[in-house]
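Values reported hereafter were calculated over all heavy atoms of this structure, with side chains retained and with hydrogens, waters and symmetry mates removed. Keep in mind that what you see is a predicted model, and the values were worked out from it rather than measured.
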Amino acid sequence: MNDALLNVKDLTITFQTERGELTAVDHLSFDLGRKETLCIVGESGSGKSVTALSIMGLLPQPAGRVTNGSIRFQGQELTGLTNKQMQGIRGNRISMIFQEPMTSLNPVYTVGYQISEVLKKHKGMNTKEAMRYAAELLERVGIPEPGKRVHSFPHELSGGLRQRVMIAMALSCDPDILIADEPTTALDVTIQAQILRLMETLKQDLDMSIIFITHDLGVVSQISDRTIVMYGGMKMEERYADGFFDHVQHPYTVDLLGCIPTSSLSDGKLMPIPGMIPSLANMPGGCRFSNRCRRAMSACHETIPELREIEPGHWIACHLEDKEAVL
Amino acid sequence: MLRYIIKRVLSMIPSLILTSIMVFLMVHLIPGDPAITMLGDSATEESIEQMREEMGLNQPLVNQYFIWMGKVVHGDLGDSIFQNKSVMATIADRAETSVLLGVMAMILIVLISLPIGIIAAVKVNTWLDQGISSLAMFLASVPAFWLGLNLMLLFSVKLGWLPTSGFPSVFRSGDWSNLRYLILPSISIALPNTALIIRMTRSSMLDVIKEDYVRTARSKGLTENAVYIKHVFRNSLIAVVSSLGFVFASLISGTVVTESVFSLPGVGQLLVSSIMLRDYPVIQGVILIIALVFMIINLLVDISYAKIDPRIRYTSAK
Amino acid sequence: MTASYKEPLIQVRGLEKVFRIKGGMLEKKQNLRAVRGVSFDIMPQETFGLVGESGCGKSTTGRLILQLLRPTGGEVLMEGKNLASMKGRALKEQRAKMQMVFQDPYASFDPRQNIYSAVSEPMVIYGLAKTKRERREKVAQLLADVGLNPDAMEKCPHEFSGGQRQRIGIARALALHPQFMVLDEPVSALDVSIQAQVINLLLEMKSQYGLTYLFISHDLSVIKYICDRVAVMYLGEIIEMADKETLFAQPLHPYSQALLAAAPKIGEQRTGEVLTGEVPSPIRPPKGCAFHPRCPHARECCKQVPPVQKLPDGRLIACWLYA
Amino acid sequence: MKKSKKFRFLSSVMMAVMLLTLMASPFAIAAEEEPTVLRVAVENEPNTLDNQVVTNDCASTIGQHIFETLYTYDEDYNAVPLLAESDETLEDGKVVKITLRQGVTFHNGKEMTAEDVYASLTRWLEYGSRSSQMREYIDSIEVEDAYTITLNFKQPYSPWKNLFAFINGGPAIYPKEVAEAATQEPISEDQYIGTGPYCFVEHEQARYFKLEKYEDYAARDEEAEGLSGDRTGQMDEIDFIPVANASTRINGLLAGDYDYVRIATSDMYEDLSANKDVVVSINKGTKMPLMFFNSKAGIFKDNYKLRQAVLTALDMEEIMSIAVGPEELWDLNGSINPEWNMFYSEEGIDTWNQADPEKAQQMAEEAGYQGEPIVILINNTQQLHVDICTVIAQQLESAGFNVDAQRLDAAAQQAKRADETQWDIHFTHHIFSPEPIIYNWMNAGYAGWWDTEEKRDLVSKYVAETDPEKQAKIWSDIQALTYEQIPVIKTGDCYEFDVYSVRLTGLDERVPLWPCFWRVTLA
Amino acid sequence: MFNLLRKRKVAIVASVFLIAVLICGIFAPLISTFDPNETHGKDRLSTINSTYWLGTDNYGRDIFSRIIYGTRMSLVGSLGIVVFAVVLGVLLGVVAGYLRSAQMVIMRLADVLMAFPPLLLAMMLMAIMGSGVFNVVIAIGAYYMTRMIRIIYSLTLKIKEETYIEAMHAQGASTLRIILRHIVPNLVSPIIVQATFTFSSALLQMAALDFLGLGIPPQYPTWGNMLSEGSRFMTRAPWMVVIPGLVIVLTVLSINIMGDLLRDNIDPKFRDIVKGT
């Protein structure tokens, strides 16, 4: 997809710590097309959030650095830009919402003011115009009595309403890409359903694509057009959404599905994945999942498996050849 | 808001009563009394005894306390033994100096320490940050009299820009240029106290920088300046304001050394001289006023919290 | 495991808890009624599930049973004895029989203590093991039970991952060989692959030591996997209570239905309509059925308090639809 | 990262404030007909100028410009008439008739008459600081006529003239209505009505005492010299400004804020004498640091040998050189009065300044001293006392004495001093007094309570003697007795010094006890 | 601890300096060249020379020995103040934090004491009991005790809400046991940080009191006494005030640097409370 909105090639991100340089993301590549929802799924420490932050150029300074690879957005290379130039893009062309609605809004300013900040910066509106447009945005994300709510403070709103404010803020400049880093993880199930429904409708109405980061496979099946599974900072598997859960090949994805209880009465005993989530400091050699993989072979411990396209639109990084061996 | 203020003011009363008892006891425990200091070195024992009788110092302490408190309750702090005017008047004469000195020092403290504190936080763990912190700590440990005398030597004696000492009243003479008398004293008070505020600003900003909403602010594409001032500094204001309140309160009574070096007619100097003279009503009056001012400043600081941080004004039902 | 006909281990009758919270600087004190009359029984060796969204009072209920919070109304009977009226020594004796595992693995341990003293402290408090050697053996045994290497005793909490700490929490809870354990969202803070390990461990411990669980969670699939009977709570009240099979096969209360519908299922793309609105404030709960403002089937009568009925299939429900 | 907007804005405000105040200062426009003002920085702020009942030096410095006494002192400190015209002694000293000058007016315009003098003397005798001795000898005072007054003594009392000339704690003359109303408490500021060359205008606490020239001052016609003669004021106004810190006073003089500075610290002497913009003027009156021994209780009671042991141990040269410093500011002088004074005597001063710790230790043992702690009370507001006592403590320790030096503030020291069980030695100083009989240790009621048979009859002989030569002889016997019974030990004579701007003229070469500014003009 | 030091080089210098000061304090008699109180009249106010390494003061006493001995009294004084403030502060702070009933009284007392400037307290105590180390410790200690009470009070409130405290309740631990074994040990690191800052400002307050003649009696050489004596000879013998002033500044600077280092590494939860004021 050469007309891709965003293509990331061999992205490697490292962190400077007392225990030396740790690699959080290792040669990650993916593309993002127009009006597409790409889901990046993985457990904690898999590097999914770090990837999102690197796209926005918000890696924690001075520790985090993109050591190689490129992030091209509409043909423009982002990794080389200065902070000043990135500020022109953040909130304007690419915007982001975060996991903790409780702490993501500044407690001392009204929600209206915090939205108007983006409008004043990128759209050059004056305060009155910005506040009026902010109220419209609040209405568009489904907040009741937007005229009144625009003047209320974050602590006066529930978690769900605050996440809607974050979405309104992110959409204020009609961005091309919305990065959502586990936006519903901290919310109750019913509120999560409302927010997911809202994001789907917004994606239809606006010409916008979404990078949705989550650890919940249920959410993936709800909204994803294409899904990437990450583990230990590397891409394990990537596939389009249609029939995703019946056709996954990679042992990690399969085992992951095996240890998640579902709410249907029929599923059998849980099959947990042995061992612990690898920390960045002591990552196993070769395939990152080799030390916990039921079907690990000697090759898995030595070399990092190449990414192979086993069927159009479906890649996996695993040494296992034929399909049967996997199931 | 009014209900809260009334509640706080009512809660001040027990504290003030406790302070008055402590002060009264301590003052009367000090050896020597106004009769001695009034009649001086060569006075004979009987004349001193006679004077004590006249001053009513021989009555039991408890009676003296209730006589004094009786008047205080009606707002009359009694009369100074040595200056034949009321304690309130003596304090009023001196309050002008201390308040003006305090305000000028605070202005300097705020102008110097807030920007430097912000820079130290923004450039944390760089040589600039450590330089600023060490300089701040250095200023905090310079003895006040040494700073005062050296400033006086340089600016008054050698350069002759500013007067060395004394402070003619500004309100009475209406001549605002008299403030020049307070420039050197306020600098020598301000510098040691800037250290406290610089450190406070730096550490509270460092805490706020790690908050999620700062990352949100950056993700909105705001410039680093806007993020630091509008979002980070604005949120660390509470800690800064509380320490500013604390410093201002300590200024009112804590500037004795500087007042003695620049011979300023301040409250601190009045306190020291009335202790030397054992002018009981003045000592008790000054300490009560200092305690009252201290509590009022604390109240003002707390009220300002509501303005600074809406969460404190009222919590939502959630 | 259907309920055996023995005496219920825990009986909760009309449990209430009201917190007097101070509003902001300006508001006067207000009453937050976190638990508004909750009643249920827990049979021996049963895993009773309490499910509901945040703010529904499920954690508070768990703490009220253990008397970590003193109830302002109703009573809690354990083996027939009312815990609410117990004091001092008697309460302490009773505490040995009921323990708790907490949600946040990082906060449930004193950062200053190593694992040995953390797990052995209950023994010291109740004087179970006299000598140090005896205590070390018991701790080693407990750590092995929960699948940890015994020489982890010397380490401090910060040297362990979330999953390992939750295992240590379970070991600590088992130290006094309790009969009953309250598990307050024990796996919510863990990653999926680790979650499964801990769930299986809990099930093993239950069978090995014949424990009775009160399992509190907001995650319906975990509740479905681990519990025998389930109660759904909304704004401090139980609105529906039934065996796992009957409830998950066919939830009747509109809120239970909405809850089940809202949870995203792996492999399915739900398109049904979504429950609107927010959970109301517990300070001024809506009159009658607390759910009526958001309930699609709400009727005029819903403004009165719905009766609690026992349906033929053994289910309890508080809803006018079935009155 | 460019400077944050907020910082730029704040620093520019700060600069503006500083510039604004700087601009305003140096350009106060001098009006043509500006009254001449003399600014005198004094060392502390007296709480009253009622010289009759207080002995504060500063109260006398300021007070002598407002109030006058019947007599005053010439350059050699002989009593000369001031308000008095003449006096004659009758019935061999038991009756003294004083005639007053006529046409002398108080600041309120009322002419001074014998009535005023009578009321002032009566009030002074009753409550005066230094009148206790004279009160025993005086029988009555009568007003002969409008301008003559008679003193009747029970026995001849010669020191009356010196006492009438010593304003510090002495009989300043107040108007009748003020003196009669006055009790032991000092008179209030609105009653400061005297006959002096300047009248009291205003006292602003901790800021200044303002005095204004008294236009129709009745001056004497003799040539002005020291405190005596014509005291007509030259400057229109004198401001006495209390500045507690010595360095601040000196800095103020150097920076032109003050014209005259009282009492600079000894260590500044060399630098200031080298400075050509200022004149250093040493005080003619000596200042005697004194150790008072407790004669009522404790180890020194009736134990003259032990006191002599203490005297033997002290090395006065080291004490004075350390505590004072520059030679010009102190003399090694065992005699109570300085050399140039008629009461100078060599009696008993051979035992002074022996500086012999071994002998002292041996004498102390003979006197029965077994190392009990000797409590010395020190007033820590007087830096000279602290310095001297530090060296004395060190010297006595090396002579085997066990010293407990207690530093207290003035009031606490004086209170503790009143209780004889609390101390053995208390330290203070005495300024030179032309009339030696009023020195504190001569007064039995003063702490130390020296009251022996020999002393009483020598004193009565002294006061009865009218002939100066004979009186001086009796005084040297008293000095001999002082060195025998040692009520006090003097560590030497030291001199304070004042500093003033070269633009001042009309000041004496040496400061006469309390500086007088009526002859001063500012160039 | 060492990797903390490596991180900030200036901290290494500070700790070396503090160790040197400590050694001088302990082995004062060995290091100092003269008896600190021994006056040499003739060598009065001499500048730095071979016999008197740092010159002499107005009494002719050797400044170098007085600085060394001064270390002892200054450190003892400051330590006394810190111990007084910490012990009472922690005791009252924890009690106020844990028992609702006691909270009102103790915090009210803290407010009242807070209004008493240490200078005034020292003046009164000295006048009542005469000058001595003991009343200096109480005068300044009382002031810092109130600060410590406030900090411990808010820390206790914060720790009380921790989950592991609730776990202790669940295990039937008594209130006393919880306080002694779980609350106080967790207060140790914030106390250490606050103690370092109290130590440095106590040193300064003592110097200020000595300057006003209200501090430790002059027989015991302290940096404060030397500073106040030096103040009278600033023009004539500047080294008399510069040397003790410098020693005080460097010591306070090093202590604060160590304090900052410790505070930046304590548990982040407490950092916003222990601001090191």
Does the side chain of [Y] come within less than 4.5 Å of [X]'s, by heavy atoms?
{"X": "D:Tyr208", "Y": "B:Pro168", "value": "no"}
{"X": "D:Val53", "Y": "B:Met38", "value": "no"}
{"X": "B:Thr97", "Y": "D:Arg207", "value": "yes"}
{"X": "B:Arg278", "Y": "D:Asp409", "value": "yes"}

Report task. Could you pull out all residues at least two apart from D:Trp423 that satisfy ring pair (Phe, Tyr, Trp, His ring centres under 6.0 Å)? Result -> D:His426, D:Trp449
Query raised in the report: Who wins among D:Val243, D:Leu253, D:Asn44 for the most heavy-atom pairs under 4.5 Å with chain B?
Result: D:Val243
Can you tell me how far apart [atom1] ([X]) and [atom2] ([Y]) are? Round to the nearest 0.5 Å.
{"X": "D:Asn245", "Y": "B:Ser263", "atom1": "CG", "atom2": "OG", "result": "8.5 Å"}
{"X": "D:Asn251", "Y": "B:Leu153", "atom1": "CG", "atom2": "CG", "result": "5.0 Å"}
{"X": "D:Ile250", "Y": "B:Met152", "atom1": "CD1", "atom2": "CE", "result": "11.5 Å"}
{"X": "D:Glu189", "Y": "B:Lys85", "atom1": "CD", "atom2": "NZ", "result": "7.5 Å"}
{"X": "D:Asn47", "Y": "B:Ser273", "atom1": "CG", "atom2": "OG", "result": "10.0 Å"}
{"X": "D:Gln414", "Y": "B:Thr37", "atom1": "CD", "atom2": "OG1", "result": "8.0 Å"}

Report task. Using non-hydrogen atoms and a 4.5 Å limit, figure out which bit of D:Glu185 sits close to chain B: side chain, backbone, both or neither. Result -> both
Query raised in the report: By a 4.5 Å heavy-atom criterion (distance strictly below it), what part of D:Thr48 contacts chain B: side chain, backbone, both, or neither?
Result: neither
Query - D:Thr381/B:Met276 under side chain to side chain contact (heavy atoms under 4.5 Å, CB included): CA gap, chis, key distance, verdict - result: CA-CA 9 Å; D:Thr381 49; B:Met276 291 298 173; 4.0 Å; yes
Part of [X] within contact of chain D (heavy atom distance under 4.5 Å):
{"X": "B:Phe145", "result": "neither"}
{"X": "B:Thr90", "result": "neither"}
{"X": "B:Leu270", "result": "neither"}
{"X": "B:Glu54", "result": "side chain"}

Query - B:Ser156 to D:Ala255 - nearest heavy-atom pair and separation - result: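 The pair with the smallest heavy-atom distance is O-CB, 3.7 Å.
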Query - Polar side-chain atom of D:Asp257 near backbone of B:Pro163 as donor-acceptor pair, under 3.5 Å - result: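 No.
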Requested in this report: Using modelled atom types only, decide if a donor and an acceptor are shared between the side chain of D:Thr248 and the backbone of B:Val261 within a distance under 3.5 Å.
Outcome: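 Checking the backbone N and O of B:Val261 against the side chain of D:Thr248, a donor-acceptor pair under 3.5 Å is found.
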Query - All side-chain contact (heavy atoms from CB on, under 4.5 Å) counterparts of B:Leu154, not counting sequence neighbours - result: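 If we apply the side-chain contact (heavy atoms from CB on, under 4.5 Å) test to B:Leu154, skipping adjacent residues, the hits are B:Leu159.
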Requested in this report: Against chain D, work out which of B:Pro34, B:Ser169, B:Ala226, B:Ala35 has the most heavy-atom pairs shorter than 4.5 Å and name it.
Outcome: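 Of the options given, most contacts go to B:Ser169.
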Query - Short side-chain donor-acceptor distance under 3.5 Å, D:Tyr258 and B:Thr164 - result: no
